[in-house]
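In this text the structure is predicted, and so the values were computed from the model without any measurement. Keep in mind that the numbers below use all heavy atoms, side chains included, and drop hydrogens, waters and symmetry copies.
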Amino acid sequence: MSKYPFNQIEPKWQAFWEDDKTFKVTEDPAYPKDRRAYVLDMFPYPSGAGLHVGHPEGYTATDIYCRYLTMNGYNVLHPMGFDSFGLPAENYAIKTGTHPKITTEKNINRFREQIKSLGFCYDWDREISTHSKEYYRWTQWIFLQLYNRGLAYEAETPINWCPDCKTGLANEEVKDGRCERCGSQVSRKNLRQWILKITAYADRLLEDLEDLEWTDAIKAMQKNWIGRSEGADVIFTIENSSETIKVYTTRPDTLFGATYMVLSPEHPLVETITTDEQRSAVEAYVHAAAMKSDLERTDLAKEKTGVFSGTYAINPVNGAKIPVWIADYVLISYGSGAIMAVPAHDTRDWEFAKEFDLPIIEVLEGGDVQKEAFTEDGIHVNSGFLDGMGKTQAIEAMISWLEERSMGEKTVNYKLRDWIFSRQRYWGEPIPLVHCDTCGTVPVPEDQLPLELPEVSSFTPTGTGESPLAGIDTWVNTTCPVCGKPAKRETNTMPQWAGSCWYYLRFLDPKNTETLASQEAIDYWMPVNLYVGGAEHAVLHLLYARFWHKVLYDLGVVKHKEPFQRLINQGMITSFAYQRSDKSLVPTDEVEETGPDTFIEKSTGEPLERVIAKMSKSLKNVINPDEIIRDFGSDAMRLYEMFMGPLQVSKPWSTSGIAGVHRLLDRIWRLAEQPRSTAEAPKELQKVLHKTIKKVTHDTGLLEFNTAIAQMMICVNEFYKAKEIPLSIWEPFVQLIAPYAPHLAEELWEQLGHAPSIAKSTWPTWDESLTVDEEITVIFQVNGKVRAKVSVALGTGKEELEKMALEHRRIIEWTEGKTIRRVISVPDKLVNIVVSG
RNA sequence: GCGAGAGUGGUGAAAUUGGCAGACACGCUAGACUUAGGAUCUAGUGCCUUAUGGCGUAAGGGUUCAAGUCCCUUCUCUCGCACCA
């Protein structure tokens, strides 16, 4: 057993920090703006499963960074809270009859305890939970501001419906046609909805990404999700009708090649323009399309289907008569739900034209349009006034031509849809609106907020599209705040994303009863300097929160356009799994290691390959942080998660790896048992210390914790070679490890006779002259191959090095009888001699 | 299909501006020591080779005195989007 008594040290210092309120932070005006830092973790949903090894990864990273900043003289805001409304607690309530508030608060207590057991420097006085009424009062208040600005509207619209969760979902919550949460196939259902007009902010959400310090990957995901495209609306007239069809196209230059049109089956004109001969076929097709789920519609992507409406439209540019088809490859939700089809230059239209034998007319040269669609740039042909032009020029020319004749105009379209904001469930913020027969929809007056979630006897969703709240007559029936007549409350609740849209603001001033956060607190801390969390929120939470923030900006509540200046996504912690030759996976407890990196399945003896997989219950490869902390201590846990590799990449957990960092802590502990002298330290020890201070300072600032830890290991290895470590070396070293292994560092700091806390001590500085070696190794190469290594004084001149190389015995051997063509001499690095013959 | 990222020992990984590939750690091997522990300490450990030496950063090509790093082609994997006109 190791000597290092982490199980005594760690609880001791956690209790100290708690009683001492060591990490309480205030808006101290003595710190100038550039000495304040707001470092935020994505707060967790307090699930029944407790903390996962993935949570401490990001939390440890920010904790180290915050402690480092504090020691460097920053005032650091580092809060933690809980995203505590949501479906899992409610589903559990349905199963067991336990109120979600009870299970949620129990889970929060467990989470808080687990988080505290890792020794993080959160200011717990600022803890918030989104389900508390003091918090959701302001979530509701923000909703009312959105409503008052016309950014929340009610509509009867087909939405994504999850039959298992019995609620509507936002587009962002649907993955591959399935519910992101439970995996059930999502169907479409017509429901009365509250919708937020996020599309009104599409351009700003796109433009303001520019100045953010986020990874290009996340920016790209948001850009793709917003999906801005420039093109033109074109108006087509219909033969023998006064109706017109408006289409959106990004390629107005190909208008001469439009040989047919397509309406989405849901398009309002379908009924009007269908001819009597085609009516039964069209109705059957429209009905069949409505029956298909989104998944089926996309799954059948290879086979294009459609039906002719019987009607013809007139191509505005050349008067050509072209058939109008109905097909479900055109989506009602994008553009105008109708397209002009240019099979020669669009892959989808080409496939459809081949399927139904429609004409393909080439209007850009460069491909063979009978064989496949040509979608690249080329010279226009068969295109009247566009002939001879390239794509860009032709697009402009066509738009002008259309605009002059009022047949179309330049337009911008987005893939982003408005945000379906209501959920037909219980455990969420009630939407603070009242429906009055006389006054219509009326907001609950702000001074009556929070509109509290009532007690219910059954949490079971009705499944009819009404929330369980609809069944509570005493709550639903109210009076209209305007006219005082009987009225009914809105019974939908808000989605889980609502609470997390603005929690970073509440942390600034969590107890304020007058406003969501005081102006002073907002001005003191905002924006968030560093935000760390999982990449799974790349579009959902991060897009929604940015949207709300911009609304608050327009209201004058915040003064920065963006909430999160810098964003880092930590990589996932994966686990090893074992794979049979047929690629099926074997649970870890049925695997035996028979040699280095060779594994067999116990029951069959079949050889297995070790692969990397997500942790999952079924593979029995889930790591429980509580057990790791029990066996190795939280300092070891923190250190290991940071030592595994770069923060941003995903990496597999290996329990033997944690033994390595535990050994480091044990070695440090044993060094501490040495007597400490005040004698001047030998030069070699000074040098290793100063190199370590430099490297750890640099790497910690860049969140490159793995290499900082490696340097501390090198330093400890050097310490073991020395007879003794004088105080002047030991003390700064203890400070260097403080952000990484805070419990051990506090204990050692106390041993050194200092009053706690080391977290408030000043970060050590290094002497640059002690970080460079006077003697360095220079390599001599012949034709780029290393042939000799010599030790020379730092800064030895180019010519001198060259001379040394040419006179070196080994170099002479390699160059003898050959012609020296060239000599490259780089001081402090190398000499390369190029020879031939 | 489109977009983004990645591919380095048995394993996790290092490698400012192109300049000794594999730091540090796990694992393994040998030795020492012992309070037989989840010890500890020391040394070794990319591959081939008897040393000299040769080969090595997914594959192939290029630029360069010099390439893990820059350029081109290809392959594989991960993530995101996916009939968005």
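Separating the CD1 atom of A:Ile824 from the C1' atom of B:rG18 is a distance of 13 Å, rounded to the nearest angstrom. For the pair A:His537 NE2 and B:rC79 P, the computed distance is 17 Å after rounding to whole Å. Regarding A:Glu673, its CD atom lies at a distance of 13 Å from the C1' atom of B:rU40, rounded to whole Å. Distance, A:Gln711 CD to B:rA15 P: 12 Å, rounded to whole Å. Rounding to whole angstrom units, CG of residue A:Leu830 and P of B:rU64 are separated by 18 Å. Rounded to whole angstrom, the span from the CD1 atom of A:Ile779 across to the P atom of B:rA21 amounts to 7 Å. Between the CH2 atom of A:Trp653 and the C1' atom of B:rA25 there is a distance of 14 Å, given to the nearest Å. B:rC81 atom C1' lies 14 Å from atom OH of A:Tyr334, rounded to whole Å.
Taking the six-membered ring where tryptophan is involved, the planes of A:Tyr329 and A:Phe352 are tilted, since the angle between them lies from 30° to 60°. Aromatic ring pairs are classed by plane angle as parallel below 30°, tilted from 30° to 60° and perpendicular above 60°; the pair A:Trp669 and A:Tyr4 is tilted. Aromatic ring pairs are classed by plane angle as parallel below 30°, tilted from 30° to 60° and perpendicular above 60°; the pair A:Phe356 and A:Trp325 is tilted.
Within the structure, a side-chain polar atom (N or O) of A:Arg787 is placed less than 4.0 Å from OP1 or OP2 of B:rG54. The phosphate of B:rA25 (OP1 or OP2) has no side-chain N or O of A:Arg667 nearer than 4.0 angstrom. The phosphate of B:rC26 has OP1 or OP2 within less than 4.0 Å of a side-chain N or O from A:Arg663. For the OP1/OP2 pair of B:rC55 and a distance below 4.0 Å, the side-chain nitrogens and oxygens of A:Lys785 include at least one atom meeting the criterion. Phosphate contact (OP1/OP2 of B:rA14, side-chain N/O of A:Asn706, threshold under 4.0 Å): present. Using a 4.0 Å cut-off, no side-chain N or O of A:Asn717 falls inside it from OP1 or OP2 of B:rA23.
Straight-line distance between the C1' atoms of B:rG18 and B:rA66: roughly 8 Å, to the nearest whole Å. Nucleotides B:rC72 and B:rU64 have their C1' atoms positioned 16 Å apart, rounded to a whole Å. For the P atoms, the distance linking B:rU78 with B:rG60 amounts to 24 Å, nearest Å. B:rU57 and B:rU76 are spaced 16 Å apart, taking the C1' atom of each and rounding to whole Å. When the C1' atom is compared between B:rG22 and B:rU69, the two are found 15 Å apart, to the nearest whole Å. Going from the C1' atom of B:rG68 to that of B:rA13 covers 14 Å, rounded to whole Å. Taking the P atom of each, B:rU8 and B:rU45 are spaced 23 Å apart, rounded to whole Å. Rounded to a whole angstrom, the distance from the P atom of B:rA23 to that of B:rC47 is 13 Å.
Nucleic acid contact class of A:Thr215 (heavy atoms, under 4.0 Å, all strands): none. Among the atoms of the strands shown, base atoms are found under 4.0 Å from some heavy atom of A:Phe632. Using a 4.0 Å heavy-atom criterion, one finds that A:Ile714 contacts the sugar-phosphate atoms exclusively. Heavy atoms of A:Lys175 sit under 4.0 angstrom from primed sugar atoms or phosphate atoms, though from no base atom. At the heavy-atom level, A:Arg417 lies under 4.0 Å from base atoms of the strands shown. Among the protein residues, A:Thr707 comes within range of the sugar-phosphate backbone only, with heavy atoms under 4.0 Å from sugar or phosphate atoms but none that close to a base. Using a 4.0 Å heavy-atom criterion, one finds that A:Lys223 contacts no nucleic acid atom at all. Counting any heavy atom pair closer than 4.0 Å across all strands shown, A:Ala659 reaches no nucleic acid atom.
With hydrogens and angles ignored, a donor-acceptor pair closer than 3.5 Å exists between the side chain of A:Lys304 and the base of B:rC83. In the interface, the side chain of A:Lys651 is not paired with the base of B:rU11 through any donor and acceptor atom under 3.5 Å apart. No hydrogens or angles were tested; on distance alone, a donor-acceptor pair under 3.5 Å links the side chain of A:Asn832 to the base of B:rC65.
Listed nucleotides: B:rA82, B:rC24, B:rA85. Nearest to the side chain of A:Met713: B:rC24. Set against B:rC79, B:rC83, B:rC24, the side chain of A:Phe643 has B:rC24 as its closest nucleotide. When distances run from any side-chain atom of A:Asn224 to the nucleotides B:rG19, B:rA4, B:rG80, the shortest one goes to B:rG80. Distances were taken from every side-chain heavy atom of A:Ala710 (C-beta onward) to each of B:rC24, B:rC81, B:rC65; the shortest belongs to B:rC24. Looking at the side chain of A:Ala220, the nearest of the listed nucleotides B:rG53, B:rG3, B:rC83 is B:rG3. The side chain of A:Lys829 sits closest to B:rU17 out of B:rG12, B:rU17, B:rC83. Closest contact between the side chain of A:Thr249 and the listed nucleotides B:rA85, B:rA25, B:rA82 involves B:rA85. Comparing B:rC41, B:rA66, B:rC81 by their nearest atom to the side chain of A:Lys415 picks out B:rC81.
Along RNA chain B, the nucleotide closest to A:Val834 and the one closest to A:Met644 are compared, and the more 5′ of them pairs with A:Met644. Of the residues near RNA chain B, A:Lys694 and A:Gly645, the one whose nearest nucleotide (by heavy atom distance) lies more toward the 5' end is A:Gly645.
Nucleotide B:rG60 is shown with an anti base, its glycosidic torsion being more than 90° from 0.
Side-chain contact check for A:Trp766 and A:Glu768: at least one donor-acceptor pair (N or O, by modelled atom type) lies under 3.5 Å. At a cut-off of 3.5 Å, with distance as the only test, a side-chain donor of A:Tyr285 or A:Thr305 sits close to an acceptor on the other residue.
Scored by the salt bridge (Lys or Arg N to Asp or Glu O under 4.0 Å) test, A:Asp346 finds A:Arg348 as partners (sequence neighbours excluded).
Residue A:Lys219 places its NZ atom among more than 12 non-hydrogen atoms of other residues, nucleotides or ligands, all under 6.0 Å distant. More than 12 heavy atoms of other shown residues, nucleotides or ligands fall within 6.0 angstrom of atom NZ in A:Lys354.
Between A:Arg251 and A:Asp349 there is no salt bridge, since no side-chain nitrogen of the basic residue lies less than 4.0 Å from a carboxylate oxygen of the acidic one.
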Report summary line: Intra- and inter-strand pairing of RNA chain B, written as dot-bracket with Watson-Crick and G-U pairs under 3.5 Å and | for the latter, reads (((((((..(((......[....)))((((((.......))))))(((....)))..(((((..]....))))))))))))....
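Counting only distance, with no hydrogens or angles, the side chain of A:Thr411 and the backbone of A:Glu409 share a donor-acceptor pair below 3.5 Å. The backbone N or O of A:Glu704 sits less than 3.5 Å from a side-chain atom of A:Thr707, completing a donor-acceptor pair. Looking at A:Asn624, its side chain does come within 3.5 Å of a backbone N or O of A:Asp626 through a donor-acceptor pair.
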